[in-house]
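A, B, ... follow the sequence lines: proteins, then strands. Residue 1 opens every chain.
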Amino acid sequence: MSVTGAPPTQPPAPAPAPTNTVTLTIDGQAVTVPKGTNVLEAARTLGIDISAFCYHPGLPIVAQCRQCLVAVEKNPKLQPSCQQVCGDNMVVHTTDKQSTLARKQQLEFTLVNHPIDCPICDKAGECTLQKLYFEHDNADSRVDTPKVHKNKVVDLGPTIVLDQERCILCSRCIRTCDVVAGQHQLDFAHRGDHEILTTAPGEELDNPYSLNTVDVCPVGALTAKDFRFTMRAWELEATPSVCNGCATGCNVEIHHKNGRAWRLVPRHNPDVNDYWMCDEGRFTYHDLREERLAAATVDGLPAGWDRAIRAAADRLAVGRTAGQFAVVFSALHTNEDNFALAKLAQAWGVSHFYVAGKPPVPARADGRLRVADINPNMGGVKAIAEALGITIKPVYELEGSIRGLLALGDILPGVDPAKLKELEYVAITAHERGPVVHANVALPTAAWAEASGTITNNKGHVQRMHAAFGPPGQAIAGWEVIVRLAQATTVKLAWTHVREVFKDMTAAVPAWNKLTWAREARPLSLRFAGSRG
Amino acid sequence: MAQKVLDSLTAQHAAAIEHTESQHGDEIAWVKRDQLLAVATWLKTDPTMLFDAPVFCTCIDRLDWRPLGVPPSQAWTEDKPRFEVCYQLRSVTHRYRLRLKISVPESDPHVPSLAGLWPAFNWQERETFDMYGIRFDGHPDLRRIYLYEEFVGYPLRKDYPKEKRQPLVRRDDLPMNPIKVAREHK
Amino acid sequence: MADSQTLKQLVLGRKDVQDLSDTEHDLPPDLMTVNMGPSHPAMHGTVRIVLTVDGERVVKSDVHPGYLHRCFEKESEYATYTQIFPYTDRLNYVSPMINNCGWAMVTEKLMGLTSLIPKRAEYIRVIVSEMSRITDHLTCVGASAMELGAFGPFLFFLKAREWLYELLEKVSGARLTHTYVRVGGVSKDLPDNFAADLTHTLDETVKVMVEVEQMLNGNKIFRDRMAGIGAMTREEAIASGCVGPIARACGVDYDVRKDYPYSVYPEVEFDVPLGTTGDCLDRYLVRIEELKQSISILRQCLKQIPDGRIMVDDPRCSLPPKKDTYNTIESMIRHFKHIVDGIKIPAGEAYAFVEGGNGELGFFVVADGTGRPYKAYCRSPSFVHLSTAGQLIQDHLIADIVPIFGMINMIGGECDK
C-alpha cells in the first residue's frame with residue numbers, strides 16, 4: 001500500500017451516495033461526508049490540517065478566532081471552515097494565496113502581544129499556538145513595540161491558575177464550563193487588546209469539571225495547580241486506560257514517565273465520556289503511589305513470594321476444610337482478577353461469596369459524568385458472578401462463622417477489625433492500608449494503572465485498560481497471584497498471560513462472548529505525537 | 001528517474017506486481033511474495049534490466065504507522081500486513097536503481113531468500129532475520145548475525161521496548177571461583 | 001601420531017634437542033579450530049573469526065560481527081533528525097563528516113531541499129568530507145602497513161592525520177565526533193585563515209605520502225605480502241555488493257561522486273583510480289591514488305568556494321538567530337519546536353547515498369510526518385565487505401588474513417551500526 005496520499009489529480013469516482021451525505025472538493029480532492037459536517041472536519045478526513053484555535057468538536061462552534069479561514073468558491077469573502085457547513089458540490093481551497101495569507105496574518109495578530117513565556121510555560125511542548133505557528137506561519141516578527149501587560153498569576157478557583165497575557169481569547173474554556181459543567185463561571189471582560197478572561201460576576205471556577213478547561217486551552221493561560229511546574233509535557237508518555245474513580249469509566253490517558261504517573265487526561269469516547277472527565281477522577285493518579293504494598297508480607301513482616309504463598313495456602317486450608325471459608329471479590333479490580341478468583345474459589349468448593357465495594361456517594365450524581373457509585377467495576381463483578389452461578393452478598397453481611405477469608409482489594413466496608421483479627425485473612429491488594437494491616441498474609445498486586453485488563457461500567461460497557469508501567473517492588477498482576485495460590489493448593493489454573501484469562505472469561509459470560517482482546521498499547525511519546533489540543 | 005524499469009516490469013510480470021510508485025526519485029515496485037524469485041531472476045538476467053549489484057535488504061515494521069499530514073485511513077490497522085521487506089537493487093551497466101517491496105503478514109513472516117542470486121543478501125537477510133524475525137526460505141545459513149544466539153525477541157520490531165534488558169547468559173563451561181570469606185560469628 | 005601428552009614433554013620437558021625429529025613426531029594432521037578476535041590487535045574494531053585451519057592454511061572460516069552493535073537504528077527511532085547526527089558520527093568513525101553529510105542528504109531529499117542548499121554550505125560539506133576521506137585512507141593504509149611490520153609508515157601517516165584532525169577540530173570543535181553538518185547546511189562557518197591552514201597541511205601531507213610511498217611501493221616484503229592475496233573478480237565484487245576502493249581495485253568503475261553526482265562534485269575535476277586484479281596490493285594502490293585525488297579536490301574547492309549563507313533560508317530547518325530567540329515570541333517558538341519536536345519531515349521514504357571512505361554509504365529513511373524517523377536504516381559498506389572476508393581468506397595462510405582484513409577496511413562502528 002502506498003504510504004502517501006492518493007494522487008490529487010484522480011479523485012475517486014463518487015459512488016451513488018445515500019441522501020444523507022454531501023460531496024465536496026477540497027484542494028482538488030473530492031470527499032463525501034455526512035450532512036452537517038463542517039469543512040474543517042471534512043478536510044481532516046483528507047489529512048489536510050487547517051489551523052484552528054476556538055473550534056473543538058465537543059463544544060458549540062463560535063468562529064471566534066478566525067484562524068481557520070478558507071476560500072470557498074462563489075463566495076467573495078473567506079469563510080471560517082469550522083462554521084461553514086459542507087454543501088454539495090462546494091469547492092474549497094486552503095492552499096490559495098489569499099486564505100493562506102489570512103491564516104498567517106491571524107497567527108501574527110495572535111502573537112503580537114503574546115508573552116515570551118515558552119521556557120516557563122507549562123503548555124510548552126503541547127501548545128497549539130506553538131504548533132500552528134511552526135507549521136503554518138514561521139515568519140519573523142514585524143513589531144518591536146512593547147507588549148500589552150495583564151495579570152499573570154490569577155487564582156481562578158481551587159484548581160486553576162490563569163495567566164491573562166497568554167490567553168488568546170478563544171473562549172473554549174467559557175464554553176466548556178457552560179456545556180460540560182452547566183455553570184457559567186468564566187467570561188471575557190473589557191475589549192480590544194485589553195480584553196481579558198476572568199470569572200463571571202460573583203462566581204469562582206469551582207465546578208467539578210473545571211480541569212477540562214486546562215485540556216481545551218490551546219495555550220498555557222489556564223494551568224492546573226495540581227500539575228503546573230511538576231513535569232514537562234514532552235517528557236511524558238501516554239498510555240490509554242480507563243479511570244477507576246467511579247462507575248462511569250471515563251476513558252483516560254495516563255501520562256507517565258519512568259514508572260510514575262504525572263497526570264490523567266480524558267480520551268475521546270462518544271459512548272462514555274465524550275471528551276471530558278471530572279476533576280476527582282483526574283486526581284486518582286495520586287493514589288498509585290500511596291501506601292503501596294511492595295513485598296508479600298506474612299504476619300506483617302516482608303517475606304518472599306514462595307514463603308508467602310505457602311503460608312497463605314496453609315492458613316486458608318483451615319477454613320476451607322471446615323466449609324467456613326469466604327472469598328471477597330473487589331469492585332475495584334479488573335474483570336480478569338475477579339474471574340480468576342471466582343474460578344479458584346469454585347475449584348476449592350467455596351460457598352460463601354462476598355463483594356467489597358466503596359459505599360455510594362449520592363451527592364455526586366449530577367446527571368453528567370459523575371455518578372453515585374464510586375466503584376469502577378461493580379457491573380463486572382455482578383456479571384461474572386451471574387454467569388458462573390455464584391450468589392454474592394455485600395461484605396458487610398459477613399457471617400460470623402467464617403474462619404478463613406481470601407479478599408481481593410484493600411477495603412472491607414462494614415467488617416469489624418476485631419473480627420478480622422480472629423480469622424485467617426489473606427489479602428490480595430495493591431495498598432497496605434485499611435483492613436490489610438490486620439491480614440495474616442498480604443500478597444502485593446498491581447494497581448489499576450499497572451494492570452492490563454477490562455472493567456465494566458455502569459452502562460455495561462466492557463472497557464480495556466492498558467498497563468502504563470510495571471507494578472512496584474515484587475507486586476504482580478492480580479490474576480497471576482491467584483494462579484500462584486492455585487498451584488500451592490494443587491488446583492490447576494493454566495493461564496500464563498492475561499489474554500488467556502480474558503478468553504476463558506468471555507467464553508463463560510454470555511454477554512461478553514463477542515469481545516476480542518486488542519494488542520497491548522505501548523506508551524506513546526507525547527513529544528512526537530503532535531500537540532494535544 | 002527510471003520509470004521505464006517500472007513500465008517493463010509491469011509489462012513483463014503483470015501478475016506478480018501489485019503496484020508501483022515513485023517517491024523522491026526512487027522507483028518502488030511491490031511484488032507478490034510467491035513470485036519474488038521469478039521477478040528477481042528476471043531482473044538480474046534480462047539484458048534490458050541487468051540488476052547485478054545488490055544494495056541493501058531490510059524490513060519496515062508498520063505497527064506504529066500513523067503518519068501525520070495524510071488521510072487517517074492510511075494509518076496501519078490490524079487487517080493490513082505488518083511487515084514490508086525491502087530489497088534495493090542497482091544495475092551497473094544501465095545505472096538503474098529499483099526497490100522491491102514484499103508485504104509480509106505477522107502471522108506468517110516468510111519470504112523467499114534472494115541470497116542465491118546476489119551473495120550480498122546472505123548477510124543482510126541474516127540481519128533482517130536477527131532484527132525483525134523474518135524467515136528467509138532457502139537461505140543457506142539463517143542465524144542471528146549481530147546478536148548472540150540466546151537473545152530472545154526481535155529488537156527492531158516496534159513492540160520490542162528499547163529499554164528491555166535480557167538476562168545474562170550463564171556460561172557453565174567457564175570456571176567459577178567464588179571468593180570465600182571467613183566469617184566469625186560473634 | 002604422537003598424542004598431545006608426549007608432544008608437550010618434547011617441547012616443554014627436558015628432552016634433548018637431538019631427540020626431536022620431523023619425521024618421527026609430525027605435527028598432528030587434524031584440523032584445528034582457532035578463534036581470531038574479537039580482542040585481537042589485527043582485528044580492527046572487534047570482529048571474531050572462527051577459523052578452521054590445517055596447519056597455517058585456512059580451511060573454513062566463520063566471521064562473527066556484532067560486537068560493536070550499538071543499536072543505531074533503534075535509537076534513531078527515538079531521536080529527532082538533528083539528534084541523529086552524533087549517532088552518524090560514530091558509524092564510520094574515521095571519516096565522520098561523510099556520515100554526517102549522508103544523513104543530511106537523506107533528510108534534505110525527503111524535504112525536497114536538495115537543490116536549495118546554499119553553494120557555500122555545499123562546498124564546506126565537500127571540503128570536510130574529502131578531509132575525512134583522507135583521514136580514513138591514511139588510517140587504513142597506515143594501520144595495515146603496521147600490521148605487516150612497517151611501523152614507520154603508520155607513524156608518518158598518523159602524523160599527517162593529526163594535522164587534519166587539528167584542522168577539523170578548528171572547524172567543528174571535535175577531533176573525531178564532529179556533528180558538524182545540519183539539515184539544510186552546516187552548523188558553523190569555516191574558521192578564519194582556514195584556506196591557508198588547509199593548503200599548508202595538504203602540502204605537508206603530500207610530502208609524507210611521498211615518503212611512505214618510497215618506503216612501501218617498492219618494498220619486496222610489502223609487495224610479497226600484498227600482491228596476489230585476497231583477489232576477487234569483477235563479477236564477484238559486483239554480485240557481493242562491494243563498492244568503494246575494494247570494488248575499484250577489481251576494476252568496477254563505480255564511484256558515487258561520478259556516477260550519481262551530488263553536492264558540488266560536478267564542479268570539481270578528479271579521476272577515479274581503478275585496479276585490475278583486486279588483490280590487496282591493488283586496493284592499497286587505489287587508496288593511495290584516491291588520497292592524491294582528494295587532495296586535488298580540496299585544492300580546487302578552496303579556490304572555488306563562494307561567500308554566502310551556510311544554512312538554507314528555510315524556517316522549517318534553520319534555527320533563528322539567538323538574539324531573536326530571546327526577544328521575539330515567534331523566534332522563541334520556532335527555536336523551541338526545532339529542539340523539542342525536531343524538523344518535521346512529511347511522510348514518505350527515501351534512500352540517499354554518498355561516497356564514503358569505504359564506498360556507497362547510504363541511509364534509507366522512512367519518515368512519518370513527525371520530527372523523528374519511523375525507520376532509519378544505514379547501508380554500511382563495511383558490513384557488505386566483511387561478508388566477503390570469509391570467502392577471501394579461504395585457502396590463504398593465517399598470516400594473509402592480516403593484509404586482507406586490513407585492506408578491506410572494515411570499520412567496526414559502520415559494520416555493526
Side-chain angles (χ1 to χ4, degrees), chain A residues 1-5 47-49 104 107-121 123-147 165-166 168 219-220 232-237 522-531, chain C residues 74-84 109-113 184 312-351 364-376:
Chain A
M1 51 231 65
S2 170
V3 302
T4 51
I48 300 172
D49 186 32
K104 285 169 84 98
L107 277 165
E108 195 181 358
F109 273 133
T110 309
L111 288 167
V112 159
N113 283 316
H114 200 80
I116 310 175
D117 274 359
C118 295
I120 56 169
C121 175
K123 206 76 174 182
E126 52 178 7
C127 173
T128 309
L129 182 59
Q130 280 184 337
K131 172 180 157 193
L132 294 182
Y133 167 76
F134 191 67
E135 290 177 10
H136 298 275
D137 184 8
N138 242 336
D140 289 330
S141 172
R142 291 195 286 174
V143 295
D144 58 359
T145 51
K147 297 193 184 229
E165 278 181 8
R166 298 176 192 166
I168 56 167
V219 292
R232 276 316 211 165
W234 65 81
E235 308 244 2
L236 294 170
E237 295 181 316
R522 274 148 301 114
L524 176 66
S525 183
L526 279 194
R527 186 171 175 179
F528 301 109
S531 297
Chain C
K74 189 81 178 174
E75 288 286 347
S76 299
E77 291 170 14
Y78 291 81
T80 67
Y81 289 95
T82 314
Q83 286 177 320
I84 296 174
K109 186 171 173 180
L110 282 166
M111 289 178 85
L113 283 178
V312 67
D313 189 13
D314 187 336
R316 284 180 299 159
C317 56
S318 63
L319 289 175
K322 263 302 194 290
K323 71 168 176 50
D324 287 345
T325 306
Y326 288 114
N327 288 307
T328 64
I329 182 67
E330 286 85 353
S331 299
M332 165 66 79
I333 291 179
R334 200 166 116 206
H335 183 105
F336 189 95
K337 289 302 252 188
H338 268 302
I339 302 299
V340 172
D341 272 15
I343 297 166
K344 296 212 169 86
I345 296 195
E349 59 184 53
Y351 174 64
F364 174 58
V365 170
V366 178
D368 63 351
T370 63
R372 66 178 173 177
Y374 186 77
K375 176 183 167 75

Item checked: For A:Arg232, all residues meeting salt bridge (charged side-chain N to carboxylate O under 4.0 Å, His left out), sequence neighbours excluded ->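 Applying salt bridge (charged side-chain N to carboxylate O under 4.0 Å, His left out) to A:Arg232 gives none.
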Notebook entry, point to check: What part of C:Asp324 is in contact with chain A, defined as an atom under 4.5 angstrom from a non-hydrogen atom: side chain, backbone, both or neither?
Noted result: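 The answer is neither part of C:Asp324.
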Check: Where does A:Ala139 contact chain C at under 4.5 Å (heavy atoms): side chain, backbone, both or neither?
Finding: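 Looking at A:Ala139, just its backbone touches chain C.
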Next item on the list: Decide whether a cation-pi geometry holds between C:Arg334 and A:Tyr133; the criteria are a distance under 6.0 Å from NZ or CZ to the six-membered ring centre and an angle within 45° of the ring axis.
Entry: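 Output no; distance or angle outside limits.
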Checklist line | Set of ring pair (Phe, Tyr, Trp, His ring centres under 6.0 Å) partners for C:Phe364, sequence neighbours left out | finding: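 C:Phe364 satisfies ring pair (Phe, Tyr, Trp, His ring centres under 6.0 Å) with B:Phe56 only.
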Checklist line | Choice from A:Glu108, A:Lys147, A:Gln130, A:Glu135 maximising heavy atom contacts with chain C below 4.5 Å | finding: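 Of the options given, most contacts go to A:Gln130.
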Notebook entry, point to check: Tell me, do A:Glu165 and A:His114 make a side-chain contact under 4.5 Å, heavy atoms counted?
Noted result: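 No; the side chains remain at least 4.5 Å from each other.
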